[in-house]
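So that the names make sense, note that chain A is the first sequence line, chain B the second, and so on, each numbered from 1. These figures come from a predicted structure and were not determined experimentally.
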Amino acid sequence: MKRSTVKMLLASRELDHEVLLKGWVRTRRGNNQVAFIAVNDGTVIHSIQVVADLDAFPEALMKRVTTGSSISVTGKLVASQGKGQRVEILARELIVLGDADPEEYPLQKKGHSFEFLREIAHLRFRTNTFGAVFRIRHSLAFAIHKYFNDRGFFYLHTPIITASDAEGAGAMFKVTTLDLNEPPRNDSGAIDFTQDFFGRPTNLTVSGQLEGELGALALSSIYTFGPTFRAENSNTPRHVAEFWMIEPEMAFYDIHDNMDLAEDFLKYLIKYTLEHCQDDLEFLNKMVDKGLMERLRFVLEHPFERMNYTAAIHILKQSGAKFEFPVAWGSDLQAEHERYLVEKHFKRPVILTDYPAEIKAFYMKQNDDGKTVRAMDVLFPMIGEIIGGSQREEELGKMQQRMKEMNIPEDELWWYLETRKFGTVEHSGFGLGFERLIMFITGMSNIRDVIPFPRTPKSAEF
RNA sequence: UCCUCAGUAGCUCAGUUGGUUAGAGCGGCGGACUGUUAAUCCGUAGGUCGUAGGUUCAAGUCCUACCUGGGGAGCCA
């Protein structure tokens, strides 16, 4: 007989026929006559109840049906006699596929702390919460590809190993095949990277943006979706050393087109999840974050507030709120400032634009005022900056001048500059942190709980 | 990296001004129970008190360093 998934069985309209079920035992209840076994196979958040008459199965077998064990059940799918579930399976045949010694198996029927589950990340997939989170993670990844594909964007694979160290997005992980104990040295005593695998120093990428721009300036609209690495010693619930980022890049888009896309994109993803992951969201709303669904719907139904940096500074100064860090034009907004704008003042997502050039990257389009650049940050409640982007500087001379001011060597980025030299056009793009998006949509408050295998300082188990 | 809090049974935690043999709930194990829903009831085992030093007649408790984790900050996505 062909195996049916729990998802199929729970949705089944046809009853009273034989089915084959395979899955993992979540709980077992019962009395001396009958056992109720909750079986989950991860296809949906719900488990299905298997009813086993103890007269029909040897005691030695039933003793092996413990929390965490895997079983195969053949039996009739029937309407449940008890309350709490619509259907159940009356077991005719039951096989234990894999034992799970109850004295050793760490997961219990009761809830565990996320901190503890992080220590057993290899088993946390078997919990309701992590099942929900990772099913949603999948759906979001799929929805991202669907969104861009439906709009004519091309998925571009930018390199994971990069030779450019000029992107300014933080510390990088070095990639080398040199012997770290005895690296080759040149005449001046420095490590001789000409003998390294690529003949030059290389790192793991911190962003695919610069390469993404090359694609956009030929294919019109592209997006990247891949792993990104930051060697920063960041210890917060919002940072990991290895994460996934989505970076669309569009030729012929100005900053306003860019904002329109960012807002539409985020709303699409929220809507997609509400429509396709209802059961998982309802579970998370009930068990993890009681305000989750309401917040998602609110973000969906209201336009994002758009305002430039200078106006935001004005609001903060007028607010009368007490901040630990002073509000001053020219300095970057602190987390407390962003939170005030999003959570107290506007009470909705905010897109801030036109930041002072000094606090933003060299590639951002310079405004005519000579002071600000066409940056755009999308700020979300709970998690802060979810998107950072800009219209890009397309004038070669202006970019070269800015690079000089910021001590960025032109020769390392000659290929990037040539896109401004040959047929340059207005273009824009942004980066969305995939895990931060998942945090917002699932209500999980620690980024380590929305990525299957988190990499953080001093932690790379599993 | 800085600030701060924490680390006691498999899990979640209590443990008084330092003072005899370190407790509870859940989970596990044994038993009872005719349909359970985090089942219920009775019984039971289980501890190098994060690690290393120190103070003291005496340290889970006080001091120092380190490790690990949570929260906040910085950096950012």
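Scanning residues 333-356 of chain A for heavy-atom distances under 4.0 Å to RNA chain B yields A:Gln334, A:Ala335, A:Arg339. Residues from residues 379-388 of chain A that place a heavy atom under 4.0 Å from any atom of RNA chain B, listed by number: A:Glu385, A:Ile386, A:Ile387. For the segment residues 78-92 of chain A, residues with any heavy atom less than 4.0 angstrom from an atom of RNA chain B are, sorted by number, A:Ser80, A:Gln81, A:Gly82, A:Lys83, A:Gln85, A:Glu88. Within residues 116-145 of chain A, the residues that have a heavy atom under 4.0 Å from RNA chain B are, in order of number, A:Phe116, A:Arg118.
Residues forming a salt bridge (Lys or Arg N to Asp or Glu O under 4.0 Å) with A:Glu213 (at least two apart in sequence, or on another chain): A:Arg392, A:Arg420. Contacts of A:Asp260 classified as salt bridge (Lys or Arg N to Asp or Glu O under 4.0 Å), with partners at least two apart in sequence or in another chain: A:Arg306. Residues forming a salt bridge (Lys or Arg N to Asp or Glu O under 4.0 Å) with A:Glu119 (at least two apart in sequence, or on another chain): none. In this structure, the side-chain hydrogen bond (donor to acceptor under 3.5 Å, both in side chains) partners of A:Lys146, at least two apart in sequence or on a different chain, are A:Asp150.
Residue A:Ser234 places no side-chain N or O under 4.0 Å from the OP1 or OP2 atom of B:rC76. Look at A:Arg448 and you'll find a side-chain N or O under 4.0 angstrom from OP1 or OP2 of B:rG70. Contact annotation: A:Arg436 does not reach the phosphate of B:rA77 (side-chain N/O to OP1 or OP2, under 4.0 Å).
At a threshold of 4.0 angstrom between heavy atoms, the contacts of A:Asn446 are confined to the sugar-phosphate backbone, with no base atom among them. Within 4.0 Å of A:Arg28, counting heavy atoms only, lies no atom of the nucleic acid at all.
Sorted by first and then second residue, the side chain to side chain donor-acceptor pair (under 3.5 Å) pairs with a member in residues 336-357 of chain A read A:Asp354-A:Asn367, A:Tyr355-A:Asp377; sequence neighbours excluded.
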>> If a pair means Watson-Crick or G-U wobble with both distances below 3.5 Å, what does RNA chain B look like in dot-bracket form, with | marking bases paired to a different strand?
In response: (((((((..((((.....[...)))).(((((.......))))).....(((((..]....))))))))))))....
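Sequence order on RNA chain B of the closest nucleotides to A:Met245 and A:Pro106 puts A:Pro106 first from the 5' end.
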Taking N or O atoms only and anything under 3.5 Å, show me the protein contacts with nucleotides 27-33 of chain B, one pair per line.
residue : atom : partner : partner atom : Å
B:rG30  : OP1  : A:Lys63 : NZ           : 2.8

Set out, line by line, the N/O atom pairs under 3.5 Å between protein and nucleotides 45-49 of chain B.
none

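Figure legend: A:Arg118 and A:Phe116 shown without cation-pi pairing, the cationic atom not lying both under 6.0 angstrom from the six-membered ring centre and within 45 degrees of its axis. The side-chain tip of A:Lys317 does not point at the ring of A:Trp329 from less than 6.0 angstrom away and within 45° of straight on.
Put simply, NE2 on A:His239 is 10 Å from P on B:rG74, counting in whole angstrom units.
Of the C1' atoms belonging to B:rU36 and B:rG46, the separation is 29 Å, rounded to the nearest Å. A distance of about 10 Å separates the C1' atoms of B:rC49 and B:rG7, rounded to the whole Å.
Stacking of the aromatic ring of A:Phe36 onto the base of B:rG35 is not found under the criterion of centres within 5.5 Å and planes under 30°.
Judged by atom type and distance alone, A:Gln49 reaches the base of B:rU36 through a side-chain donor-acceptor pair under 3.5 Å.
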